[in-house]
Amino acid sequence: MLAANRPFSFVLFGASGHLAKIKIFPALYFLALKKRLPADYSIVGYARTAMTDGQFRKHVADAVKEYVLEVNEKVLSSMLEHVFYQPGQYDAVEDFKKLATKLETLEGSAKDVVRLAYLSIPPTAFESTLRNICAGGVNEEHHDFRCIVEKPVGHDLSSFEEINAVLLSCFKPSEVYILDHYLGKEAVRNAYYLRHANPVIERLLKNTLISSVQITASESAGLEGRAGYFDAVGTLRDMFQSHLIQIAALLTMRLVNDTNEIKTTRLDAVKKFYLPPATDFSEIVMQGQYGEGVSGGKNVVAYKDEEGVVKGSRTPTFAALHLMSRSSRWEGVPFFLRSGKRLKEKETRIAVEFQDSPTLVGKEGTRNRLDIILQGEAGMKLFLQTKLGGSEPKFRPLVMEDPLVCMGDCLVEHSLLLLEAINGNQQWFLDAEEVRSCWRIIDPVQKYLDSKKAPLSLYASGSKGPAEADAFIAKFGHAWL
Ligand code: BG6
């Protein structure tokens with residue numbers, strides 16, 4: 001059973017923000033509930049808001065109660081005894097020095113404490129925070145240190161390089177943990193392990209048999225109060241730049257026996273993805289934005305009318321993208337990626353569509369297909385054909401399916417990734433080269449989407465997305481599955 005293997009101090013920068021509330025505090029609570037935390041640990045919130053330790057503890061407790069279904073009060077209150085707060089500006093080195101002093105006091109004489117700094121802050125505060133962590137002595141020599149930053153790092157390749165230079169001016173590469181929470185999802189990791197454990201499936205996954213791969217991350221939620229972040233970022237950077245490309249990499253990467261090779265092998269797979277040559281970017285990407293509609297039984301406003309969205313914003317809330325892979329097993333197979341907010345349902349799915357039977361040309365039937373559903377009703381479905389009665393060969397679909405429910409030592413994504421970070425396992429975190437490779441794919445497409453000539457298709461909230469997305473894939477002779 002995975003547990004923290006040493007004492008730690010976890011500093012959460014941006015402790016009064018949205019991500020902290022919905023993901024990080026619940027993740028820490030789950031670790032406490034499942035007894036994965038050591039006896040000695042501190043959780044220190046850092047943010048600009050003035051708060052006492054007591055007020056911050058209430059803030060953490062309220063978040064856990066709001067985002068966790070059943071809360072064990074005893075576990076929560078004993079976890080809160082390890083929770084502290086340090087108010088401070090992100091650009092004031094003095095405040096970081098106070099933080100360092102607070103950490104020293106909290107750690108006391110505990111040995112072998114690892115310090116973790118988790119940056120859950122707006123991109124504008126990134127650089128000064130990183131510089132001040134070092135200048136203020138938060139990452140002192142005698143402590144092992146991890147700096148955890150959430151994707152997307154930067155706005156494009158060049159801003160990523162700037163941030164990376166600041167990271168490396170302060171930390172060793174082995175101290176930098178770039179987090180894509182999809183890589184902490186059991187079901188997402190399983191996209192790789194299903195291939196690993198089932199040679200039958202692995203043998204099916206090659207270009208001589210496959211017609212297309214479709215990866216869809218559909219969300220029913222809208223902005224959830226994150227207009228400030230999302231409006232400047234858009235769907236391509238938010239969902240494709242890391243999450244969707246990583247899923248595609250897990251499907252296509254070489255299988256390895258040594259778990260210490262997962263990261264480098266995944267990187268190889270990421271590097272093999274490329275944008276197919278096209279005379280115009282409109283051939284390989286399309287974008288949309290949600291209008292008003294009905295979501296979760298309620299009338300909801302259009303994206304452009306959401307609070308905090310810039311007037312006349314052309315930020316896409318939906319996109320579809322065509323990629324190819326240079327991997328010899330996957331050469332020639334089109335990958336269609338799509339994601340959108342305020343769609344009909346929440347689901348993340350890999351659909352592998354196989355080629356037609358060479359002997360069944362012109363006969364009724366649907367193509368074989370393998371679906372791996374990662375979120376929503378997680379499961380695996382193999383679509384086959386079976387003969388209908390009669391002397392004429394006619395067929396009907398036969399669907400073999402089973403839910404893919406995590407059993408065993410299941411942890412939510414941020415809990416799992418936090419434990420791995422504490423224990424120094426970087427395999428499911430991204431490194432600079434992986435992020436760089438993703439930006440290389442996204443940058444030219446994003447540049448096109450940002451230009452006035454890229455059309456922006458409207459779709460109703462609660463729908464399955466813009467009609468133009470269907471036309472987009474139809475041009476390649478496919479339909480969304
Ligand atoms: C985040 C994005 O990385 O992933 C959000 O910033 C998105 O916009 C979220 O909603 C989706 O994550 P999940 O775990 O709900 O599928």
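Atoms within a ligand are numbered from 1 in the order they appear, just like the ligands themselves. In this text, all values refer to a predicted model and were calculated from it rather than measured experimentally. Counting begins at 1 with the first residue of the sequence.
Comment: Lys65 engages Glu73 in a salt bridge, judged by a side-chain N to carboxylate O separation of less than 4.0 angstrom. Taking 4.0 Å as the cut-off between side-chain N and carboxylate O, Arg189 and Glu186 do not count as a salt-bridged pair.
Proximity of His414 to ligand 1, defined as any heavy-atom pair under 4.0 Å, is not found for any part of the residue. Contacts between Tyr182 and ligand 1, counted as non-hydrogen atom pairs separated by less than 4.0 Å, involve the side chain only.
Evaluation of the ring pair (Phe, Tyr, Trp, His ring centres under 6.0 Å) rule for Tyr448 yields Phe281 as partners, not counting sequence neighbours.
Listed by atom number, the atoms of ligand 1 under 4.0 Å from Gln375 heavy atoms are 16 (O). Those atoms of ligand 1 with a heavy atom of Lys341 less than 4.0 angstrom away are 5 (C), 7 (C), 8 (O), 10 (O). Listed by number with element, the atoms of ligand 1 under 4.0 Å from a non-hydrogen atom of Lys23 are 14 (O).
Of all heavy-atom pairs between Arg326 and Lys271, the closest is NH1-O, 4.0 Å.
Here the CZ atom belonging to Phe10 is positioned 6.0 Å from the CD1 atom belonging to Ile148, to the nearest 0.5 angstrom. Taking CD1 of Ile422 as the reference point, atom CZ of Phe8 lies at 4.0 Å (rounded to 0.5 Å).
Considering only non-hydrogen atoms, atom 5 (C) of ligand 1 lies nearest to Arg226 out of Lys151, His181, Arg226, Glu224. Atom 7 (C) of ligand 1 has its nearest heavy-atom neighbour, among Glu413, Lys346, Glu219, in Glu219.
The nearest heavy-atom contact from the protein to atom 6 (O) of ligand 1 is Asp238 OD1, 2.5 Å.
By the 4.0 Å heavy-atom criterion, Lys185 is counted among the residues contacting ligand 1.
For His478 and Glu353, the side-chain atoms include at least one donor-acceptor pair closer than 3.5 Å.
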